[in-house]
Amino acid sequence: MSDGKTSEDKTDKGGAVKAGPALKYSLLSISLVLTSAYAISAALPAMQKSMPDRSLAQIETLATVPTISVVVMVLLSGWIAQHIGAKRTVGIGLLLVGVGGTLPAFVTSYPVILASRLVLGAGFGLFNSLAVSLLSHFFSGNEKATALGFQNAFQSIGSAVMTFLAGLLLNINWHWSFLVYLAAFPILIVFWIFVPEVKQDQPVKGVMAGQKVSPGVIGLALLSMVYVCIQAGFTVRIPTIVTDAGYASATEVSNCQSIATIVGMIAGFLFGAVYKYLGHYILALGTLLMGLGQILAAFSHNIIMTGLATILVVAVSMVYIGTYCNNRASELADANSVTLATSFVLVGCNLGGFMAPYVLQWVSALVGSDQNVLIAYGCFSLAVTVFALLMAIRIQGVKRVPTGRDA
């Protein structure tokens with residue numbers, strides 16, 4: 001069924017709404033900014049120079065702190081949408097992203113920038129879940145599956161483009177890097193013009209009622225928290241490591257992160273095929289690549305090696321680890337507890353991102369240098385790989401996962 005001729009599309013109470021290309025791409029456009037919190041990571045070294053009274057951990061927190069308000073608003077967004085409507089909720093979220101995201105372009109006060117980053121995260125949290133649920137409202141069947149696949153791709157594309165542009169604007173000064181969040185305003189206009197209001201017949205309440213989580217789900221949430229902490233730590237610290245070493249600029253690091261995002265998108269598309277052949281062993285592959293990437297970065301003396309390490313750490317390994325944790329959590333949860341299970345993993349991810357600068361500071365004090373931090377993270381991941389292999393052997397010994405050899 002083509003986009004422009006879906007006569008049986010879902011509708012709101014105001015009348016029939018054709019889910020044509022304008023509506024589809026207006027809905028997808030909000031995902032372009034959804035994962036851009038770290039887009040300005042390359043600006044952190046320059047920001048520290050302009051705020052010498054702040055520690056490196058405090059500066060790096062500016063990149064990760066949006067995750068806290070994301071968690072809060074994700075939990076509240078359903079209730080808010082029920083009371084003011086999904087369209088207004090997304091609209092307010094995009095407005096907060098635009099205002100909170102760009103404010104640091106005009107101020108240098110650390111408390112003000114910190115508050116603006118929290119506002120940015122609140123905006124993301126308001127429409128995080130709605131970016132998916134609105135597609136499910138207007139589309140069904142294969143058309144919905146295709147749209148959801150596009151949604152993931154739009155997130156990666158948006159993150160890559162915004163990171164690249166932030167790196168280019170960094171050549172002017174670090175303030176200009178934050179102007180990438182101006183993208184939220186044209187997206188808001190397009191969304192408001194082409195997307196109708198969605199009215200819910202039933203109130204959103206008791207979503208978590210009667211749900212429970214197993215120890216396995218809690219373990220996956222903790223694993224997600226640890227690895228997002230490691231990944232986010234790498235993302236915010238690698239610009240400082242590279243610029244201090246003097247073999248590349250922060251803009252070049254930003255370009256590497258943009259390329260890594262695109263590779264991550266490709267890895268996401270291929271996850272199903274890789275999982276078909278490896279089954280539960282895919283987690284061990286993810287932790288192995290994470291360990292190798294960290295150690296490669298620790299001994300890198302050129303931007304090519306660092307770029308490869310960034311791809312392994314930021315993109316490929318986290319696609320395998322993160323997607324596996326979400327998928328496995330849904331398998332371990334009872335039929336009526338999937339929402340709670342996936343929420344646990346989401347909260348773990350966001351807490352890990354927030355903790356990253358402080359864990360980096362603690363580990364750095366413990367081992368003595370940023371290079372040793374990367375080596376420590378790498379060795380930790382290699383140790384987890386052994387554990388993941390043993391767990392995969394145990395799981396697949398109990399319940400076979402179809403692989404390519406079974407075909």
Side-chain angles (χ1 to χ4, degrees), residues 10-14 17 23 26-31 33-37 65-101 115-140 144 147-148 151 155 184 187-188 191-192 195-213 217-218 221 224-225 326 329-330 333-354:
K10 297 177 184 178
T11 63
D12 67 321
K13 290 185 178 181
V17 176
L23 173 58
S26 297
L27 289 169
L28 289 170
S29 69
I30 67 177
S31 295
V33 296
L34 194 54
T35 56
S36 59
V65 75
T67 57
I68 291 299
S69 45
V70 167
V71 171
V72 175
M73 297 313 295
V74 161
L75 298 175
L76 293 177
S77 62
W79 179 85
I80 294 172
Q82 176 61 41
H83 285 78
I84 68 173
K87 181 175 181 178
R88 290 187 181 89
T89 302
V90 174
I92 293 172
L94 287 168
L95 186 62
L96 292 178
V97 168
V99 174
S116 73
R117 297 292 286 174
L118 286 168
V119 171
L120 174 75
F124 290 147
L126 273 176
F127 62 89
N128 194 308
S129 59
L130 290 171
V132 173
S133 62
L134 284 174
L135 290 171
S136 299
H137 177 86
F138 288 105
F139 301 96
S140 60
K144 182 181 80 170
L148 291 175
Q151 193 265 336
Q155 285 187 175
I187 291 173
L188 170 59
F191 177 86
W192 202 261
V195 178
E197 182 57 271
V198 177
K199 297 181 180 178
Q200 299 179 359
D201 295 325
Q202 299 296 327
V204 178
K205 62 181 180 180
V207 175
M208 301 295 183
Q211 298 193 37
K212 58 183 180 180
V213 293
V217 170
I218 295 174
S224 298
M225 181 179 72
N326 279 296
S330 65
D334 295 336
N336 68 330
S337 301
V338 174
T339 299
L340 183 58
T342 53
S343 295
F344 257 68
V345 175
L346 175 63
V347 169
C349 290
N350 283 280
L351 287 177
F354 174 73

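Rounding to the nearest 0.5 Å gives a distance of 7.0 Å between OG1 of Thr67 and CZ of Phe354. The distance from atom OG of Ser29 to atom CG of Leu34, rounded to the nearest 0.5 Å, is 11.0 Å. Put simply, CD1 on Ile30 and CG on Leu130 are 7.0 Å apart, with the number rounded to the nearest 0.5 Å. From Ile187, atom CD1 reaches atom OG of Ser31 across 9.0 Å, with rounding to the nearest 0.5 Å.
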Distance-only donor-acceptor pairs under 3.5 Å for side chains of residues 93-101, two or more places apart:
none

Could you go through residues 70-78 and list every donor-acceptor pair under 3.5 Å that involves a side-chain atom there, pairing it with any protein atom two or more places apart or in another chain?
residue: Ser77; atom: OG; partner: Val74; partner atom: O; Å: 3.1
residue: Ser77; atom: OG; partner: Ser129; partner atom: OG; Å: 3.4

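Closest heavy-atom contact between Ala329 and Val345: CB-CG2, 3.8 Å. Of all heavy-atom pairs between Arg117 and Ala37, the closest is NH2-O, 2.6 Å. The shortest non-hydrogen separation linking Phe138 to Pro196 is CZ-CG, 3.7 Å.
Applying the salt bridge (Lys or Arg N to Asp or Glu O under 4.0 Å) test to residues at least two apart or on different chains, none of the pairs has a partner in residues 75-84. Sorted by first and then second residue, the pairs that involve residues 76-93 and meet salt bridge (Lys or Arg N to Asp or Glu O under 4.0 Å), not counting sequence neighbours, are Arg88-Glu197.
Counting heavy atoms from C-beta outward, Leu23 and Val195 have side chains that approach closer than 4.5 Å.
Under the side chain to side chain contact (heavy atoms under 4.5 Å, CB included) criterion, Ser116 pairs with Leu103, Pro104, Ile113, not counting sequence neighbours. A search for side chain to side chain contact (heavy atoms under 4.5 Å, CB included) contacts involving Leu135 returns Leu27, Leu28, Phe139, Ala147, Leu148, Gln151, not counting sequence neighbours.
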message: Assess the residue pair Ser69 and Phe124 against the criterion (side chain to side chain contact (heavy atoms under 4.5 Å, CB included)); give the C-alpha distance rounded to whole Å, side-chain angles, the decisive distance to 0.1 Å, and a yes or no.
response: CA-CA 8 Å; Ser69 45; Phe124 290 147; over 6 Å; no

